[in-house]
Amino acid sequence: MLTGNDFETKEAGRLSFRAPVANDGPAIHALVERNKPLDLNSRYCYIILCEHFSSTCVVVEEEGGLVGIVTAFIPPERQDTLFVWQVAVDTGMRGQGLAKRMLRHLLSRHNMKRIRYVEATVNPSNEASRSLFRSLAKDGKCDMSEELIFPAKMFGNGDHEQENLIRIGPIDSAGKTLIERNT
Ligand SMILES: CC(C)(COP(=O)(O)OP(=O)(O)OC[C@H]1O[C@@H](n2cnc3c(N)ncnc32)[C@H](O)[C@@H]1OP(=O)(O)O)[C@@H](O)C(=O)NCCC(=O)NCCS
């Protein structure tokens, strides 16, 4: 069985990247809560995600506190696809390439060898999120498509925007190498 330590990368400098453990659930919940406009899920949801999907998620620590997370999973029927669920970087750490480094860290794991597509859903107004995925596609020299997947009405009468599906790929082995090398 794989554990968080199997996916740990100590970076030179003050940041360390690793797979989460269940104990990280509450800190991930707090990070998502302070980094709008992400939807906040329950603590239980994040604990379970860390318990069962640790190998496809990453957390970044600075002096013992979490400053960035990517939660993701491989849909059971599509083993060549990494679905990125939530990405968050604390405000003070943004604009330094941290979100992309987390995606790169994930894609370089040995359990990602079969991944040829990266998917995520974004709100039309979230330019930071769209730019992140566009930048990843550019690094891997592959296509990125975007289309409506969940209309706003599915989220009730609140102010939730529609969700567009972003799909990057196919990422071939040369593209993967380019993504992993890019800094
Ligand atoms: C989206 C988010 C994770 C980006 O984190 P980040 O660490 O600042 O992103 P990076 O520095 O790795 O930037 C990656 C690319 O996106 C671009 N980008 C980042 N923020 C941007 C912004 N606000 N507007 C336009 N482009 C932006 C960067 O220029 C970079 O592109 P480049 O490689 O071509 O230069 C961060 O803004 C965040 O946590 N936002 C709140 C939560 C959220 O909306 N999450 C996304 C939902 S999936």
Side-chain angles (χ1 to χ4, degrees), residues 9 11-18 20 24-25 27-42 45-46 49-50 53 56-63 65-75 81-108 115 117-150 152 154-155 158-169 171 175-183:
T9 306
E11 301 263 317
R14 57 205 165 91
L15 300 178
S16 70
F17 292 59
R18 64 172 172 82
D24 292 312
I28 294 176
H29 178 273
L31 184 78
V32 171
E33 190 169 29
R34 63 179 181 262
N35 284 288
K36 308 271 178 278
L38 290 177
D39 279 347
L40 182 63
N41 298 284
S42 69
C45 177
Y46 293 111
L49 194 67
C50 295
F53 297 92
T56 53
C57 297
V58 59
V59 294
V60 179
E61 281 180 312
E62 183 189 46
E63 291 166 5
L66 294 193
V67 293
I69 57 111
V70 174
T71 59
F73 58 89
I74 297 171
T81 300
L82 179 71
F83 181 81
V84 177
W85 181 24
Q86 291 190 312
V87 186
V89 170
D90 262 340
T91 320
M93 301 294 292
R94 291 185 193 167
Q96 303 169 48
L98 184 53
K100 216 163 70 166
R101 284 169 71 193
M102 291 192 289
L103 291 176
R104 216 169 53 232
H105 170 92
L106 259 188
L107 287 168
S108 65
I115 298 302
Y117 296 91
V118 174
E119 290 184 355
T121 70
V122 301
N123 302 139
S125 68
N126 195 336
E127 198 43 49
S129 179
R130 182 174 290 98
S131 297
L132 168 64
F133 291 108
R134 194 184 298 122
S135 175
L136 186 76
K138 193 170 142 220
D139 287 351
K141 296 200 185 310
C142 49
D143 292 335
M144 177 174 118
S145 62
E146 179 172 343
E147 62 182 358
L148 170 67
I149 180 167
F150 304 131
M154 284 178 78
F155 300 97
D159 54 5
H160 198 298
E161 290 180 72
Q162 71 181 49
E163 295 279 347
N164 290 350
L165 178 69
I166 279 184
R167 184 168 161 87
I168 294 172
I171 310 172
K176 266 238 180 104
T177 306
L178 286 169
I179 287 171
E180 287 166 22
R181 278 194 194 146
N182 237 301
T183 51

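All residue numbers in this chain count up from 1 along the given sequence. Counting convention: from 1, in listed order, for ligands and their atoms alike.
Residue-level proximity to ligand 1 for Lys138 is absent, since no heavy atom of it falls below 4.0 angstrom.
The structure places CZ of Arg167 at 9.5 Å from CD of Glu147, a figure rounded to the nearest 0.5 Å. Between atom CD of residue Glu119 and atom CD1 of residue Ile115 there is a gap of 10.0 Å, rounded to the nearest 0.5 Å. Note that the CZ atom of Arg101 and the CD atom of Gln96 stand 9.0 Å from one another [nearest 0.5 Å]. Atom CD1 in Ile74 sits 10.0 Å away from atom CZ in Phe53 (nearest 0.5 Å). Separation of atoms CG (Leu38) and CG (Leu31) is listed at 8.5 Å; rounding is to 0.5 Å. Residue Arg134 holds its CZ atom at 5.0 Å from CD of Glu127, rounded to the nearest 0.5 Å.
By the 4.0 Å heavy-atom criterion, Gly95 is counted among the residues contacting ligand 1. In this structure, Gln96 counts as a contact residue of ligand 1, since one of its heavy atoms falls inside 4.0 Å of the ligand. Proximity of Lys36 to ligand 1 is established by a heavy-atom distance of less than 4.0 Å.
For Gln86, no nitrogen or oxygen atom sits less than 3.5 Å from a nitrogen or oxygen atom of ligand 1, counting backbone and side chain alike. Annotation: Ala99 places an N or O atom under 3.5 Å from an N or O atom of ligand 1; distance criterion only. Distances between N or O atoms of Phe133 and those of ligand 1 include no value under 3.5 Å. Backbone and side-chain nitrogen or oxygen atoms of Asn126 are examined, and one is located within less than 3.5 angstrom of a nitrogen or oxygen of ligand 1. Between Val87 and ligand 1, at least one N/O pair is under 3.5 Å apart. The distance criterion of under 3.5 Å between nitrogen or oxygen atoms is not met by Glu127 with respect to ligand 1.
Protein heavy atom nearest atom 23 (N) of ligand 1, with residue, atom name and distance: Ala128 CB, 3.5 Å. The single protein non-hydrogen atom nearest to atom 37 (O) of ligand 1 is Arg94 CD, 3.4 Å, given as residue, atom name and distance. Among all non-hydrogen protein atoms, the one lying nearest atom 11 (O) of ligand 1 is Gly97 N, 2.7 Å. Ser135 OG, 2.6 Å is the protein heavy atom nearest to atom 33 (O) of ligand 1. With hydrogens left out, the protein atom closest to atom 27 (C) of ligand 1 is Ser131 CB, 3.7 Å, a heavy atom. Atom 48 (S) of ligand 1 has its closest protein heavy atom at Ser129 OG, 3.4 Å. The protein heavy atom nearest to atom 47 (C) of ligand 1 is Leu38 CD2, 3.5 Å.
Proximity of atom 17 (C) of ligand 1 to the protein is indicated by at least one non-hydrogen atom lying closer than 4.0 angstrom. For atom 29 (O) of ligand 1, the nearest protein heavy atom is 4.0 Å or more away. Taking a distance limit of 4.0 Å, we find that atom 35 (O) of ligand 1 is approached by no protein heavy atom. Counting protein heavy atoms under 4.0 angstrom from atom 13 (O) of ligand 1 gives zero.
A heavy-atom distance below 4.5 Å is found between the side chains of Trp85 and Asn41. By the 4.5 Å heavy-atom criterion applied to side chains, Val60 and Ile69 are not counted as neighbours. By the 4.5 Å heavy-atom criterion applied to side chains, Leu107 and Val118 are counted as neighbours.
Between the side chain of Arg94 and the backbone N or O of Val89 there is at least one donor-acceptor pair closer than 3.5 Å.
If you number the atoms of ligand 1 from 1 as listed, the ones under 4.0 Å from a heavy atom of Ala88 come out as 39 (O). Near Pro37, meaning under 4.0 Å from any of its heavy atoms, are these atoms of ligand 1: 44 (O).
Relative orientation of the His160 and Phe155 rings is parallel, given thresholds of 30° and 60° on the angle between their planes. A tilted orientation is assigned to the rings of His105 and Phe17, their planes being inclined by 30° to 60°.
Among Val70, Leu136, Ile166, Val89, the residue whose heavy atom lies nearest to atom 39 (O) of ligand 1 is Val89.
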Would you check, one step at a time, whether the test salt bridge (Lys or Arg N to Asp or Glu O under 4.0 Å) holds for Asp139 with Lys100? CA-CA 10 Å; Asp139 287 351; Lys100 216 163 70 166; 2.8 Å; yes
